[in-house]
Amino acid sequence: MPKFSIIIPVYNVEEYIKKCLDSVFNQTEKDFEVIVVNDGTKDKSMDIVKNYQVKIINQKNQGLSAARNKGVEEAKGEYLIFLDSDDYLEKNLLREIKKSLKNTPDLVRFQIKETYPDKEIKYEERAFTGLNGERAFTKISSYHFVENAWCYAIKKSYYLKENFTFKKDTIHEDFGLIPLVIIKAKIVNSISYIGYNYVQRTGSIMSSKNYEKTQKKVQDFYNHYHFLLTEIDKTNLDSTYFKSFISNSLILKITELKFKDYHHYLKLLRKDQVFENLLIDTKKRRIKKSLLKISPKFYYKIMK
């Protein structure tokens with residue numbers, strides 16, 4: 001059994017996939033397998049992939065969630081790592097993660113760097129070891145990236161035991177799953193190594209300016225929120241920070257909408273009592289909650 005299964009969905013990334021795969025096969029830690037899920041790519045990406053020693057799974061285009069889910073089904077490794085095909089790893093990432101596995105954690109968090117054509121932005125968060133999911137969530141929820149699946153190495157046995165899966169045919173599928181992966185974990189470690197390069201490019205799902213896609217993003221986000229709320233209420237976990245995080249995330253998300261749609265969702269959020277989940281344990285948070293309840297758009301405008 002390999003220590004790591006690295007799952008890479010591929011769809012129209014011929015400009016990026018070589019750098020992505022090179023970053024994996026140049027790792028100083030070699031105990032891994034690579035699973036490439038060809039999600040019906042229409043370009044020459046797979047011609048490049050075939051030059052590497054990877055397991056290839058071909059399927060009709062079904063989207064990122066379905067590709068990741070298929071990769072998990074085929075994975076043989078002890079820990080799962082989700083790598084987007086336009087991103088790449090630092091060469092010591094797997095080695096640094098492996099150092100953190102002595103206490104057999106369900107989850108290992110590593111740190112992220114945004115890469116642009118002309119600059120890099122590093123996000124350095126404090127490391128910790130051996131926290132349960134509730135305590136880990138209070139710390140991770142203050143990080144710059146929280147729910148992105150590619151921030152973590154996840155123990156496969158834990159992932160399967162909890163029946164985790166990415167919801168198909170949605171955008172922001174990470175938001176609809178990873179918060180639960182964090183808070184339900186028995187042991188969570190976070191390492192300070194900045195090992196993942198999040199490449200900023202135009203034309204990706206998350207950078208699209210198409211307003212219809214924006215509307216779908218918000219609707220999916222709203223549905224994910226209710227799913228997370230339902231799932232966390234089935235547990236006996238302390239969900240105070242969890243509910244505040246997902247509520248803050250949803251409130252911020254609706255500010256991307258135009259006037260009429262924004263006010264439609266604002267009414268829904270008030271009806272659903274989303275604002276009541278926000279933390280008020282500090283003066284700053286009390287003020288924030290009061291302003292958000294009046295107008296999320298105004299609050300985020302003055303905070304820029």
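- Note: Phe164 and Tyr159 meet the aromatic proximity criterion, with ring centroids under 6.0 Å apart.
- With a 4.5 Å cut-off on side-chain heavy atoms, Tyr300 and Leu292 count as touching.
- For the pair Tyr11 (side chain) and Asn61 (backbone), a donor-acceptor distance under 3.5 Å is absent.
- Nearest heavy atoms, Ser85 versus Pro9: OG-O, 3.1 Å.
- Side-chain contact between Phe128 and Arg135 is absent, with no heavy atoms from C-beta onward closer than 4.5 Å.
- Proximity of Leu268 to Tyr222: side-chain heavy atoms (C-beta onward) are separated by under 4.5 Å at one or more points.
- When all heavy atoms of Gly71 and Ile35 are compared, the closest pair comes out as O-CD1, 3.6 Å.
- The CZ atom of Phe82 sits 13.5 Å away from the CH2 atom of Trp150 when rounded to the nearest 0.5 Å.
- Asn223 and Gln219 share a donor-acceptor pair across their side chains, judged by distance under 3.5 Å alone.
- Between Glu173 and Lys168 there is no salt bridge, since none of the side-chain N atoms of the basic residue sits less than 4.0 Å from a carboxylate O of the acidic one.
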Requested in this report: Take Tyr299 and Ser290 through the test side chain to side chain contact (heavy atoms under 4.5 Å, CB included) and record every step on the way to the result.
Outcome: CA-CA 10 Å; Tyr299 173 80; Ser290 297; over 6 Å; no

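- Judged by the 6.0 Å and 45° rule, Lys167 forms no cation-pi pair with Phe227.
- Side chain of Asp31 to backbone of Lys3: a donor-acceptor contact under 3.5 angstrom is found.
- Each of Arg95, Lys98, Lys99 was compared with Glu29 under the salt bridge (Lys or Arg N to Asp or Glu O under 4.0 Å) criterion, and only Lys98 meets it.
- For the pair His224 (side chain) and Ile171 (backbone), a donor-acceptor distance under 3.5 Å is present.
- Distance alone, capped at 3.5 Å, places no donor-acceptor pair between the Tyr152 side chain and the Val181 backbone.
- Between Leu279 and Asn248, the closest side-chain pair of non-hydrogen atoms is not below 4.5 Å.
- Of the inter-residue distances, the one linking Glu90 atom CD with Asn197 atom CG reads 4.5 Å to the nearest 0.5 angstrom.
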(request) Give the intermediate values and the outcome of side chain to side chain contact (heavy atoms under 4.5 Å, CB included) for residues Tyr196 and Asp84. (result) CA-CA 10 Å; Tyr196 192 97; Asp84 283 359; 3.7 Å; yes

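- Using a 4.5 Å cut-off on side-chain heavy atoms (C-beta onward), Ser142 and Tyr241 make no contact.
- Between the side chain of Ser45 and the backbone N or O of Glu14 there is at least one donor-acceptor pair closer than 3.5 Å.
- Within the 3.5 Å criterion, the main-chain N or O of Gln62 finds a donor-acceptor partner in the side chain of Asp39.
- Nearest heavy atom pair, residue Thr170 against residue Ser65, reads OG1-OG, 4.4 Å.
- Within the structure, salt bridge (charged side-chain N to carboxylate O under 4.0 Å, His left out) pairs that include any residue of residues 228-244 comprise Glu231-Lys234, Asp233-Lys243 (at least two apart or interchain).
- Ion pairing between Glu256 and Lys213 fails under the 4.0 Å rule for side-chain N and carboxylate O.
- The shortest distance between side-chain heavy atoms of Ile57 and Glu73 does not fall below 4.5 Å.
- Annotation for Phe110 and Ala153: closest pair CE2-N, 3.7 Å, computed over non-hydrogen atoms.
- Separation of atoms CG (Leu269) and CD1 (Ile251) is listed at 6.0 Å; rounding is to 0.5 Å.
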- [ ] Mind running side chain to side chain donor-acceptor pair (under 3.5 Å) on Asp22 and Tyr52 for me, showing each step along the way?
- [x] CA-CA 9 Å; Asp22 283 346; Tyr52 296 83; 2.6 Å; yes

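- Shown here is Lys30, whose NZ atom has more than 12 heavy atoms of other residues, nucleotides or ligands within 6.0 Å.
- Asn132 contributes a side-chain N or O that, together with a main-chain N or O of Glu134, makes up a donor-acceptor pair within less than 3.5 Å.
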Discussion item. Before you tell me yes or no, could you show the steps for Val218 and Tyr265 under side chain to side chain contact (heavy atoms under 4.5 Å, CB included), namely the whole-Å CA-CA distance, both residues' side-chain angles and the distance that decides it to 0.1 Å?
Written reply: CA-CA 9 Å; Val218 175; Tyr265 276 95; 4.0 Å; yes

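- Partners of Glu33 by salt bridge (Lys or Arg N to Asp or Glu O under 4.0 Å), not counting sequence neighbours: none found.
- Using a 4.0 Å cut-off between charged nitrogen and carboxylate oxygen, Lys113 and Glu120 count as a salt-bridge pair.
- Asn69 and Thr165 share a donor-acceptor pair across their side chains, judged by distance under 3.5 Å alone.
- At distances below 3.5 Å, not a single donor-acceptor pair connects side-chain atoms of Asn189 with backbone N or O atoms of Val108.
- Between the side chain of Asp272 and the backbone N or O of Val274 there is no donor-acceptor pair closer than 3.5 Å.
- With a 4.5 Å cut-off on side-chain heavy atoms, Leu266 and Phe275 count as touching.
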Using side chain to side chain donor-acceptor pair (under 3.5 Å), reason through Asn12 and Thr41 one step at a time and then give a plain yes or no. CA-CA 5 Å; Asn12 292 356; Thr41 191; 3.1 Å; yes

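- Thr104 has its side chain within reach of Lys155: a pair of non-hydrogen atoms, C-beta onward, lies under 4.5 Å apart.
- Here Glu125 pairs with Arg109, Gln111, Tyr123, Tyr143, His144 under the side-chain contact (heavy atoms from CB on, under 4.5 Å) rule; sequence neighbours left out.
- Salt-bridge check for Arg68 with Asp174: passed, with a basic side-chain N closer than 4.0 Å to an acidic carboxylate O.
- In terms of heavy atoms, Val146 sits closest to Ile178 at O-CG2, 4.1 Å.
- In this structure, CG on Asp220 lies 10.0 Å from NZ on Lys253, to the nearest 0.5 angstrom.
- At least one donor-acceptor pair under 3.5 Å links the side chain of Gln27 to the backbone N or O of Ser23.
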Working note: Phe242 + Thr235, criterion side chain to side chain contact (heavy atoms under 4.5 Å, CB included); need CA distance, chi angles, decisive distance, verdict. CA-CA 12 Å; Phe242 182 93; Thr235 74; over 6 Å; no

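- Ring orientation note: the planes of Phe137 and Phe245 are nearly perpendicular, at an angle over 60° on the 30°/60° scale.
- With Val24 as the fixed residue, the side chain to side chain contact (heavy atoms under 4.5 Å, CB included) test singles out one of Leu94, Ile81, Leu83: Leu83.
- Here Asn58 contributes atom CG and Lys60 contributes atom NZ; the two are 12.5 Å apart, rounded to the nearest 0.5 Å.
- Between Phe25 and Phe32, the distance from one ring center to the other falls under 6.0 angstrom.
- One distance of note links CD of Glu78 with CD1 of Ile154; it measures 13.5 Å at 0.5 Å rounding.
- Between Tyr198 and Phe145, the ring planes are perpendicular. Angles over 60° get that label, and only those under 30° would be called parallel.
- Phe259 and Leu252 fall into different hydrophobic clusters, where Ile, Leu, Val, Met, Phe, Trp and Tyr are joined by side-chain heavy atoms under 4.5 Å apart, directly or via other members.
- For the residue pair Val188 and Ala136, the shortest heavy atom distance occurs at CB-CB, 3.7 Å.
- Heavy-atom contacts from other residues, nucleotides or ligands closer than 6.0 Å to CG of Asn236 number 12 or fewer.
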